[in-house]
Every structure is written in C-alpha cells, then in structure tokens.
Amino acid sequence: MTAKGQGRTAFAYLAPALLVLAGLLAYPIYQLVLISLYDYGQEQVSGGAPLEFLGLGNYQELLGNQQFWGVLGQTVAFAAVCVVGTLLVGAFLAILATRVRTWVRMTLFLAALGAWSTPAVAGSTIWLFLFDANFGFVNEVLGIQGFSWTFDKWTAFGLVAAQVIWCSFPFVMVTLYAGIKAIPGEVLEAAALDGASAFRTAWSVTLPLLRPIILVVTIQSIIWDFKVFTQIYVMTGGGGIAGRNLVLNVYAYQQAFAASEYGLGAAIGVVMTVLLLGITMFYLRALRRSGEVL
Amino acid sequence: MRLKTLVAVLGVGAVVACAPVQSGPKNSGTDEQTGQVRVWLFDEVNRGPKEAVVKEAISEFQGKHSGVTVDVQYIQVSSRAERFKAAFSDPKSAPDVAEFGNTDLAGYVSAGGFSELDLSGWTESKDLVPTILDTAKVDGKTYGVPWFVGVRALYYRTDVFSELGLKPPTSLDEIAPLAREIRQRKPELIGISAGGKYLFAALPFIWANGGDLAKSDGGKFTAAIDSPQARAGVAKYAELIKDDICPPAACAGNGGDASVEAFRAGKAAMTIGGDFNRKSVDASSAAGKYAVVPLPGKDKGSVAPAFAGGNLLGVLKGTQRKTLATEFTQLLASKKYQQKMYAAMGNLPTFSDVQKQVADSDKFLEPFTKTLQSGTKFVPVTPAWAKIEAQAVVPTMLQEVVTGAKNVDTATADAAKTMNAAFTS
C-alpha cells in the first residue's frame with residue numbers, strides 16, 4: 001500500500017470520530033464566534049429587530065470594562081486556590097487509601113463517591129444549610145450563631161472554595177489511587193533493595209511515574225474550576241453582596257445571558273475559551289521543557 | 001496548501017455569508033373561529049383555588065363558543081423568561097393567551113411577542129384604574145389587561161409596639177428613628193426588616209423624596225437615580241440597613257421574600273410587605289400579632305407612592321385565533337372573574353369599583369387600597385429595564401451603599417452610568 005493509500009485508510013478510520021467532534025465541538029464554537037460578532041439580543045433572536053454586524057465591537061466593550069478585569073482576576077485567583085486545594089486533598093487521601101485497611105478504604109471511597117455524585121445545586125444548597133447564620137449545624141457547633149459566612153467577601157469565597165474542593169477531590173483521589181496501584185511492585189521493591197528511604201521512593205520513583213496522571217487531573221481541575229458557576233450562583237445568591245463574589249461564568253450569565261445580550265455573552269465565552277486554551281498550552285509546554293514526554 | 005486555502009475560504013465565507021439564526025412570530029394572518037385556545041398561566045404554591053376559578057371561566061367560554069376548547073398550562077414563574085423567549089422564537093410552541101408580570105411587558109413587546117389589544121369595545125374596561133392600566137401600555141399602546149395588582153405597605157408587630165408604648169410611623173423620616181429605638185430596647189429584634197436586594201421596598205423612599213429611577217423624554221429614557229432627590233431617598237433607605245436597625249450581615253443580601261421571612265420568624269418589628277404576603281404571615285409566628293398601615297410619605301399623614309406590581313393577561317402575536325384569544329382574555333380579566341380570583345387567591349382587583357367592594361368587605365385590605373388610591377408608580381417602561389434588572393444594577397447600588405463600599409453619590413452616579421448605557425444600547 002502506498003503512503004497515500006495508508007493515509008486514506010487512516011482517515012477513513014478516524015472519520016466517524018472526526019464527524020462527532022465536528023458536530024459537538026467545532027459547530028458550537030463556530031456559532032459562538034459568529035454570534036459574538038453581532039449585536040444579538042432577544043429582539044434579534046425572535047425577529048423583532050434587524051441584525052447588526054459589530055465586528056469586534058462586543059470585544060471592545062468587554063475589554064474596556066473595568067469590572068470585567070476585576071472579575072477575571074478574581075476568577076483566576078479563585079480557580080488557583082481550588083485547583084491547589086483539590087490536588088492536595090485528593091493526593092493526600094489517595095496516599096492514605098493505599099496505606100489503610102480495606103474497610104477503611106471502602107468507607108473513604110464510598111464517602112468520596114457520595115460527594116462526587118451529589119448534583120452541584122443540591123451540594124451547594126446543603127452546604128448553605130450547614131453554614132446558615134442562625135440555624136446552621138456548623139455555627140451551632142462553633143457557638144457562633146448569627147455569624148454570616150456569605151456576607152464577608154473572603155469568608156464567602158472561602159466557603160465556596162471549600163465546597164468546590166469537596167465535590168471535585170474524589171476525581172483526583174480515585175485517579176491517583178489507580179495510578180499508584182498501577183505502579184509495578186518490582187520497581188518499588190528494587191528501590192527498597194537499593195536502600196531508598198520512603199520519602200526518596202515517593203519523590204524519585206512514584207512521583208515521576210504518576211506524572212502523566214497528575215498532568216491530566218491538573219488540566220481537568222483547571223478547566224473545571226475556572227468555569228465554576230453553580231456553586232457561586234447558588235451559595236452567594238448570584239455573585240455576593242454588591243457583586244463582590246462574581247466569577248467569570250456568573251458574570252457572563254448576569255451581564256449577558258440573563259440580560260439577553262447574547263452577542264456580548266458569546267464574546268465572554270470566546271475569551272474564556274481562548275484563556276483556557278492558553279493556560280493549558282502554557283502548562284503543557286512547561287512540562288515538555290522539564291523533560292516530560294507527552 | 002490547497003486544504004489550507006480551502007479552509008480559509010470556507011471560514012471567511014462562513015462569517016461573511018452566514019448570520020446567527022433569526023426566527024419569530026409573524027402575524028399568521030389567519031383568525032380561526034374554532035379549535036383550541038392555548039393559555040399559559042403562572043403556577044402558584046397553592047394552585048387549587050386558582051385552577052377552580054379558571055375552570056369555571058373555561059366552561060362558561062366553551063358554552064358560548066361551540067367547537068372551541070381551552071387548554072391551560074401552568075408554568076413556573078422562576079423559569080418564565082426561558083419559556084417566553086422560546087415561545088416568541090417558535091410560534092408553534094407558543095400559547096394564544098398568557099399571564100405575565102407587568103415589569104416584563106416592555107421586553108416582551110419589543111421582542112415582538114404580544115399583540116396590541118383594542119379594549120374600546122369592552123365596556124368594563126372604563127373602570128380599570130388608570131395608573132394600573134398604564135402598566136399594560138408601551139408607548140401609549142395597550143398590550144394587556146391588568147388581571148390583578150399587588151402593592152406593598154408597612155407591616156408591624158402590634159404586641160411589640162404596645163409593649164414599648166409606640167405608635168406606627170406617620171412620615172417616612174420617622175421610620176429610621178423608630179426602628180432604631182425598638183432595636184435599642186429589644187436588641188433581639190430587627191427594627192425594620194429591609195433588604196439590600198429589595199428594590200420594591202427602596203423605590204417608595206426614592207419616589208417619596210421626589211426622585212425617580214429614570215426620566216422619559218418622548219420615549220427616550222435617561223437615568224435620574226443620581227438626582228439630589230433620588231440620592232436623598234437612597235440614603236434614607238440605606239440608613240435602615242445598618243447595625244443599629246437591620247445589620248448588613250443579616251439584611252444586605254435579602255430580597256423581598258427573605259425580608260418578609262424575618263418578620264414571619266418573629267425576628268423583626270416591622271417590614272415592608274405586600275397584600276400577597278398576608279397568607280404566609282398568617283401562617284407564621286407573627287399571626288394575630290401584626291397590623292398593616294400604608295407606608296407613610298414625606299409629609300405627615302401622607303402615603304409614599306408604591307410600586308404597582310401585578311400581572312397582565314395578553315394575546316400573543318403569533319396566535320391563529322386572535323378574536324377568540326381576545327375574548328377569553330376579557331372574560332378571565334372581567335369584573336366577575338376578578339372578584340372570584342380575589343375570593344380564591346386574595347388577588348387585588350384592578351377595577352376601581354371592584355376594589356372598593358372588596359375593601360369594604362375586608363378591613364385588612366384598607367391600607368393597600370388606600371395606597372393604590374393615593375397613586376402608584378412604576379419602573380421605566382422600556383425593554384432596557386429588563387436588562388437593568390437582570391444585571392442587578394439597583395440592588396448592587398444599594399448593597400454598595402449599605403456595606404460602605406461606595407458612598408451614596410458615587411454609587412448612584414455609577415448606577416446611572418450603567419443604566420444610561422442600557423437605555424442607549
């Protein structure tokens with residue numbers, strides 16, 4: 001078979017997957033970009049007003065808005081805290097799971113799966129009940145009835161971050177646990193025979209072997225936590241007092257989609273997509289530079 | 001290379017040639033006299049009585065028109081925006097008649113959703129209270145019939161007031177000192193439960209001080225929230241959400257429901273509540289221990305202008321049975337059925353004579369009808385208002401003031417800027 005023929009066969013095999021990708025990914029993104037170039041409100045959608053092509057007008061409006069930059073900064077910081085928190089908690093519990101007896105591990109996994117499978121709205125609402133100023137269990141235990149967790153900007157962010165970590169650490173934990181379990185026993189045995197300490201084994205053997213998995217869970221976490229919506233929307237009542245707990249997704253919803261400014265909303269969506277792609281590329285490149293084969 | 005060129009050409013071509021989809025209700029041109037009239041009404045917590053009245057109206061209507069059936073669907077208030085947007089975009093899934101909130105009217109009309117109604121042939125319409133009928137108009141044209149109206153007044157705890165030897169306030173400026181005194185003498189109570197997101201409680205303060213949200217000049221709106229009068233009103237309202245009356249940590253995030261909830265829980269000596277809150281307050285720990293007076297205005301003994309909330313019944317533009325739909329709207333909104341709706345749900349009627357009748361038979365309604373008669377006001381009738389509301393411009397402004405993030409002048413100036421951007425877009 002010629003090289004060309006081989007390429008064709010390969011393409012034929014890939015075609016179904018490409019078709020699905022195009023339908024589910026390329027077309028929506030195409031629509032998103034397209035809408036972001038228009039003044040596209042409810043009047044335009046339902047045909048009450050003519051379409052107006054704005055070019056980059058929506059982007060200009062967005063990037064010239066001071067609040068957008070404030071919210072963007074807040075989102076990045078919030079996502080960073082959530083990602084680091086999720087990875088630390090997940091990694092700690094994954095290691096713990098490899099060291100404990102079966103029934104403890106089963107309990108831990110069941111509890112984690114419970115948190116994982118709780119719908120975000122339900123989880124957020126339950127956390128709100130737990131931390132309710134007057135009737136919440138937490139305040140009763142701490143003896144601080146009347147203290148509002150959601151009023152102050154930082155306690156509100158802290159509470160939401162804790163909730164986000166709570167519902168996303170199980171993924172990290174389960175994945176890392178599987179990764180640790182997949183490390184061949186002989187490798188660890190060899191390290192032990194060479195006289196490596198437990199710390200040395202973890203640092204020089206386990207961690208490098210786990211790196212591809214850590215890479216995946218980190219990128220996943222970045223993307224998830226950057227796009228947090230439900231937790232902020234539910235727990236801070238749509239962005240906190242005077243909008244001081246807004247993150248980008250909630251901001252886009254409030255300023256654009258709820259206000260029927262779909263063009264502007266699409267522009268925010270495009271900016272977010274570009275940002276996330278940028279962060280992921282940067283991360284991948286940094287890893288490749290550090291010698292990781294990807 | 002050839003592929004790249006192709007992709008580039010396709011890409012450019014796609015952006016230039018295609019535009020986002022547009023669809024929508026066109027006048028269908030037909031006006032059928034038989035078939036099914038589809039109706040959307042709002043679901044309620046306790047829908048039974050409402051449904052019974054509506055069923056009665058339907059059987060009366062179907063009795064008069066043979067070959068006509070009426071199908072009613074109850075939709076959730078919370079998801080109404082999506083439902084109506086979808087209905088306007090796809091006339092096939094749209095009803096012929098719908099109940100909707102009067103603050104949503106301007107947006108719905110500019111989206112081309114509702115058709116103009118000619119009420120001239122309907123004799124009862126002359127008794128509709130003019131300021132209430134105004135809430136169904138955009139640019140002087142009527143797009144709905146007011147089905148019921150809701151106004152707010154001042155709820156207060158009679159037991160607390162008599163224990164402390166106090167009297168309900170007679171002017172707007174008396175409210176803050178009075179509330180402060182109550183909290184001072186009974187620190188476990190909130191003086192008056194006011195909320196940082198409770199727009200309809202803040203508006204009377206702005207209006208009573210002679211201010212307004214926006215001024216209209218021939219249909220062109222400009223923000224007026226930064227006028228000296230409006231600022232005075234904002235400052236007066238924000239004064240209530242302070243530690244010595246209603247602590248920000250507990251009150252700044254509250255909307256109307258949460259504000260009334262504190263009163264229901266027996267934690268507040270006063271609150272601003274609507275006639276529609278009566279049932280829930282009567283089912284709470286405040287039951288039997290409260291009374292209602294009109295929210296006082298600037299001058300002693302006057303009444304502050306209240307927000308005229310309420311729902312309208314309208315005919316959708318895409319309907320294929322406009323005559324039937326209009327007739328059913330007029331039947332359901334008629335004096336007879338408004339009276340039945342009052343008996344069933346406690347909804348305040350929109351006809352002046354029916355209002356008087358129900359107020360005479362039920363003393364509880366007096367402060368509310370008195371408020372209605374002394375003149376109500378409304379939010380700016382423009383589609384931009386829906387946007388301003390969705391963007392939470394005014395609640396954010398109030399919250400900025402009560403948390404001290406901005407002073408009154410800066411917060412109102414910033415809000416005016418955002419509002420003007422929405423008005424001109």
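So that the names make sense, note that chain A is the first sequence line, chain B the second, and so on, each numbered from 1. Fair warning: this is a prediction, and the values are worked out from it, not measured in the lab.
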Heavy-atom neighbours of B:Asp257 CG exceed 12 at 6.0 Å: no
Heavy atoms only: give me the nearest B:Ala249-A:Phe151 pair and the separation to one decimal. CA-CG, 3.5 Å
Check B:Lys387 against A:Ala259 and note the closest heavy-atom contact, atom names and distance. CG-CB, 3.4 Å
For A:Phe157, does the CZ atom have more than 12 heavy-atom neighbours from other residues, nucleotides or ligands under 6.0 Å away? yes
Residues passing the side-chain hydrogen bond (donor to acceptor under 3.5 Å, both in side chains) test with B:Ser285, sequence neighbours excluded, are none
Taking all non-hydrogen atoms of both residues into account, name the closest pair between B:Gln399 and A:Gly240 and its distance. OE1-O, 4.0 Å
How many angstroms lie between CD in A:Gln67 and OG1 in B:Thr418, if you round to the nearest 0.5 Å? 8.0 Å
Counting only heavy atoms not in A:Phe229 (residues, nucleotides, ligands), do more than 12 fall under 6.0 Å from its CZ? yes
Side chain, backbone, both or neither: which part of A:Asp39 has a non-hydrogen atom closer than 4.5 Å to chain B? neither
Looking only at heavy atoms, what is the nearest atom pair of A:Gly237 and B:Lys197, with distance? O-NZ, 3.1 Å
Under 3.5 Å, which donor-acceptor pairs do the side chains of residues 250-257 of chain A form with other protein atoms, sequence neighbours left out?
| residue | atom | partner | partner atom | Å |
| --- | --- | --- | --- | --- |
| A:Tyr251 | OH | A:Asn65 | ND2 | 3.2 |
| A:Gln255 | OE1 | B:Gln391 | NE2 | 3.4 |

Using non-hydrogen atoms only, which part of B:Pro247 is less than 4.5 Å away from chain A: side chain, backbone, both, or neither? neither
Look at atom CG of A:Asn134 and say whether more than 12 heavy atoms of other residues, nucleotides or ligands are closer to it than 6.0 Å. yes
For A:Gln66, does the CD atom have more than 12 heavy-atom neighbours from other residues, nucleotides or ligands under 6.0 Å away? no
How long is the span from the OG1 atom in B:Thr403 to the CG atom in A:Asp152, to the nearest 0.5 Å? 10.5 Å
Quick check on B:Ala252 against chain A: is it the side chain, the backbone, both or neither that has a heavy atom closer than 4.5 Å? both
